[in-house]
Participant: 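To start, I am sharing the structure in question, which I have written as structure tokens.
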Amino acid sequence: MVDPGALGARLASSAVAPLVKKLFVKDQPGAALVTKPVRISGLVSFKGEKKDVTPKDVEKIADELVRRALKAAGPGELPVDAAEAVAVRTALAHCLAALGTLTIEDYEAVALGPEEFARTLRSRSAVTVATFALSRDAELFLDRLLHTASLHILNFFTQRSTYIARQQTRQSQQLAQVVKAVDVLLERLPSQSAEDAAFEARYASYITARHGTLTIYGLDVYAGTSEWPLDTAYLSLEATRDRAWEGAAQVAAEQVLAQHDHVLLRGVAGSGKTTLVQWLAVTAADLTYQHGLTHLMGRVPFVLPMRRIVRPGTELPVPEQFLTSVGCLVTGEQPAGWVERVLRAGRGVLLVDGIDEISEERRKDAKRWLRDLTRTFPGNLWLVTTRPSAVPERWLDTTDFAELTLSPMAYDDVETFVHRWHRAAGADETTGAALLRSVRSAPELERLATNPLMCGMLCALHRERRGFLPQDRKSLYEAALTMLLERRDVERDVSAVRMPFATQVQLLQKLAWWLIRNSRSEMARSEAVHILGEAAPSMNLDGSGEDVYSWLLLRAGLLREPAHGRVDFLHRTFQDYLGARLAVQELDFDLLLNHTDRAEWEDVILLAVAHARPKEAERMLQRLVSDGTARGKLLAAASLRYAAEVAPAVRQQVEERVRSLIPPRTEHEAYDLGEVGGALVLGLLPGPDEVGGELAYLVPLVAARVGGPTALHFLTRFRDHPDERVQLVLTASWSIFDRELYVQEVLAHLPQRPFVPVHGPEDLRALRSIGGWPSIKVIGPYRVEDLTELIVPEQLTRLALDAPHPVEGLAWLSAFPNLVDVTVDTGVSEAERMQVPSRIQLNALTSQGD
């Protein structure tokens, strides 16, 4: 099956442009002589008094776009079935119809660009996955079609008028070039010699085969899960720009070369740098991988891993040596002078991966090499990747390289990655769902799952153990450390001096324990060098502290330099694990237990119990429960999972003490428990099947007080709970969490629909994204325009207005045909209103009167 997002790229401009033009009125004589911009709503042909195109015709246009895109698919490549094709057509028609509601002017639309303009149309139309029951493939298909249509709509605007301000001219030209990209590609290739063209076809096939699978290194699993197809597994991550680079603050990583010809991309170990290089190479080589990356069409990729092309005693390769330097299997067929002809035509995409994987001395040579090539062959695209600390800021500034950094995976990215991994590995989807539940319910796992390498590790370990991760965090971290410190460089064939695994761990844990003891999250480079220099002789290491530090920084994958002269751990959870390991070795138990009131010591204490010997662990547990604090009892209860062996009497003592706290018996206890326990308490709370009666609502109340992604996942387990007050807690809690995520994960699934508090237009937009809500309580000042435009009219049955200054007159309520209950209350103080987002007021959400 072809990637559903690729089909839209197969629609040539000659197929789309005539359809798009039907959406707009024809220019009249003198139309190009207007002196001011025109609102988009005034250009569409299905609005106003003279309708050249009816709303029904908009559906026909959408249907034709879908039909032509599906026709472009080959046998067995259809991404959606007939029923979903209808749903995509309907959704696309809704989006195109939203053109009639846009009040922005045409030059403003052009300034947005096709991506943002497509998002604007979709948000105005309120098209959601839930509304049309779209699958993930159908969603990708719709996105690509809407992007393609938006591209041609904006190009239509640039061709129609001559009044667009001078600063818009450049973007107009760029849009016109993008629209013609496919046609330019067809014109470009025939101009080559037959020999060059034939070789490029063979080379493209080689690139696709060579880089078309994604490999996760260092996993102790069977071979079946170590590789999977790149087009299935690739995950689009965000890249954050350097402050000096003009443009959007964030951009999809695969779009960085659309923003700038020369890019230096930084990313920590496992963040996806090499995977991005593979994706760009395969996309440029094979059009079936297109995801709107029209800037790569017709270009020739050259993948240049620095660890392979930099050899002792040899110079960096000249263009004609690019293929031989990386061991390309089709080198013998390469026509003489071919690479130079490609570069002089400005058709190359040069992907230089891993500046950090060569020595510091050779990096100077690499910098000169890059400078000479970019100046000799202008017009080509360059992406250079490195770990953050390997080269200083502005390292390639003289050659006009923009600097960006790969961002960690977002909440939705983790879910997408897990689903794709299991699908590509041929694993049962239920296994992936079980892993996600484990990750969402365990803060330590959620902190690990911030980049593809860590997510891949969790997926592989979870599947290898037939659906279960290691029962203790200690084993999980040991597996990850083995992968990062010992196996990864070996399997990647990095030719660097190796340091024994045990030695690396011993050195790293000294840095970790120093940071923890000093309540620091980072340290000065000089401090790290001093600590390592002191330790080196006793570990029989040659070299100074600076030498040891540099090796660990570049090769271990656990350290990074977030700023010049500063160093910290890539994952705080590894710092805690290694620090706890050394604390136990040094018998620093009193120091550990004197910090039970500090949230940042929580994981260190838990992991120290995991590392401790049985008698040491028992003494720690007894100290925790005997200090008389709720936090000590909770820490002891949580630590039971970490101890390998605990005497029955000690276990019973811990369990009896924690029963006085969980489950809570009053709202006051629930709030206090959430405040004191934090994320620690979530693993100790009973699930929905374990609580009942009139106090059942107190359990989700604790989780709501804790807040955060893990608490949100915990609350999803209570969505179907029949108790009315449980449902009320779930609706009242949404202002504590990420609004859009909570709406999709919790509110959209509630069987009961009690009053939900609304504090502004963004809340109303979020509710609109799931088709509206029947009972809404507006808290604080509001505008009638927001209520009438953003509340779904047919859904609303009950409305409560809690405003300090009520709007005069209620005639606007006639906009809601099914409204049967209205309450206006101005008696709530401003101080009470301000408490609502942080403390759930159940009584405030019960409307009284008419």
Side-chain angles (χ1 to χ4, degrees), residues 9-10 12-13 173-212 254-263 265 276-305 309 317-326 328 330-331 333-353 369-384 399-402:
R10 294 184 177 181
S13 58
Q173 293 170 343
Q174 290 173 340
L175 285 167
Q177 291 170 358
V178 172
V179 169
K180 296 176 182 177
V182 177
D183 303 324
V184 168
L185 171 63
L186 297 175
E187 295 171 0
R188 208 181 253 171
L189 297 181
S191 63
Q192 303 171 283
S193 69
E195 185 182 15
D196 280 5
F199 175 73
E200 283 192 22
R202 289 192 292 276
Y203 177 66
S205 297
Y206 169 79
I207 289 290
T208 301
R210 173 68 179 80
H211 299 287
E254 65 271 15
Q255 293 284 356
V256 293
L257 292 178
Q259 303 282 344
H260 207 283
D261 287 352
H262 300 164
V263 174
L265 185 68
L276 175 63
V277 165
Q278 290 181 238
W279 176 257
L280 293 174
V282 171
T283 301
D286 188 346
L287 293 183
T288 65
Y289 282 81
Q290 286 293 337
H291 283 255
L293 306 185
T294 51
H295 57 286
L296 298 181
M297 297 179 72
R299 293 186 179 270
V300 178
F302 298 96
V303 181
L304 303 171
I309 67 174
V318 297
E320 286 305 299
Q321 298 170 333
F322 281 173
L323 301 194
T324 56
S325 67
V326 296
C328 176
V330 296
T331 304
E333 306 171 38
Q334 177 182 331
W338 169 72
V339 178
E340 185 169 337
R341 287 193 291 276
V342 169
L343 297 183
R344 291 208 177 279
R347 297 177 52 228
V349 183
L350 295 107
L351 305 166
V352 181
D353 188 29
W369 176 71
L370 288 167
R371 180 195 61 200
D372 292 343
L373 286 172
T374 53
R375 291 175 178 174
T376 305
F377 302 103
N380 296 283
L381 301 181
W382 288 82
L383 177 73
V384 179
T399 46
D400 194 30
F401 272 76

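Keep in mind it's a predicted model, so treat the numbers as computed, not measured. Numbers here simply count residues along the sequence, with the first being 1.
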Participant: So, for Arg341 and Ala336, which heavy atoms are closest and what is the spacing to 0.1 Å?
Facilitator: NH1-O, 3.0 Å

Participant: By side chain to side chain contact (heavy atoms under 4.5 Å, CB included), which residues pair with Ala204, not counting sequence neighbours?
Facilitator: Ala285

Participant: Is a side-chain N or O of Glu320 found less than 3.5 angstrom from the main chain of Gly337, in a donor-acceptor match?
Facilitator: yes

Participant: Identify the heavy atoms of Val263 and Val256 that sit nearest to each other, and give their distance.
Facilitator: CG2-O, 3.8 Å

Participant: Do Val303 and His211 have side chains that approach each other closer than 4.5 Å (heavy atoms only, starting at C-beta)?
Facilitator: yes

Participant: Got a second to check how far Gln255's CD is from Leu280's CG, nearest 0.5 Å?
Facilitator: 9.5 Å

Participant: Short question: side chain of Glu200, backbone of Ala197 - any donor-acceptor pair under 3.5 Å?
Facilitator: no

Participant: Just jot down the side chain to side chain contact (heavy atoms under 4.5 Å, CB included) partners of Asn380, sequence neighbours excluded, or say none.
Facilitator: Leu343, Leu350, Phe377, Trp382

Participant: First locate atom NE2 of His260, then atom CG of Leu381, and finally report the distance between them rounded to the nearest 0.5 Å.
Facilitator: 11.0 Å

Participant: Of all residues at least two apart in sequence or in a different chain, which pass the ring-ring contact (aromatic ring centres under 6.0 Å, His included) check with Tyr206?
Facilitator: none

Participant: Hey, is CZ on Arg210 packed in by over 12 heavy atoms from elsewhere, all under 6.0 Å?
Facilitator: no

Participant: For the CG atom of Leu373 and the CG atom of Leu304, what is their distance to the nearest 0.5 Å?
Facilitator: 9.0 Å

Participant: Check salt bridge (charged side-chain N to carboxylate O under 4.0 Å, His left out) between Glu333 and all other residues, then give those that pass, not counting sequence neighbours.
Facilitator: Arg202

Participant: Quick one about Trp338 and Glu195 (side-chain donor to acceptor, distance below 3.5 Å, no hydrogens or angles considered), yes or no?
Facilitator: no

Participant: So which heavy atom on Ile207 is nearest to which on Pro301, and how close?
Facilitator: CG2-CG, 4.2 Å

Participant: Can you sort out the partners of Glu340 under salt bridge (charged side-chain N to carboxylate O under 4.0 Å, His left out), two or more places apart, ordered by chain and number?
Facilitator: Arg344

Participant: If you take all heavy atoms of Gly346 and Arg299, which pair is closest and at what distance?
Facilitator: O-NH1, 2.6 Å

Participant: Test side-chain contact (heavy atoms from CB on, under 4.5 Å) on Phe302 and Val326 and set out the steps.
Facilitator: CA-CA 10 Å; Phe302 298 96; Val326 296; over 6 Å; no

Participant: By side chain to side chain contact (heavy atoms under 4.5 Å, CB included), which residues pair with Thr331, not counting sequence neighbours?
Facilitator: Leu323, Thr324, Cys328, Gln334

Participant: Answer yes or no: is there a donor N or O on one side and an acceptor on the other, between the side chain of Ser325 and the main chain of Phe322, under 3.5 Å?
Facilitator: yes

Participant: I need the Leu383 CG to Phe401 CZ distance, nearest 0.5 Å.
Facilitator: 8.5 Å

Participant: Can you name the closest pair of heavy atoms from Pro319 and Val339 and give their distance?
Facilitator: O-CG1, 3.4 Å

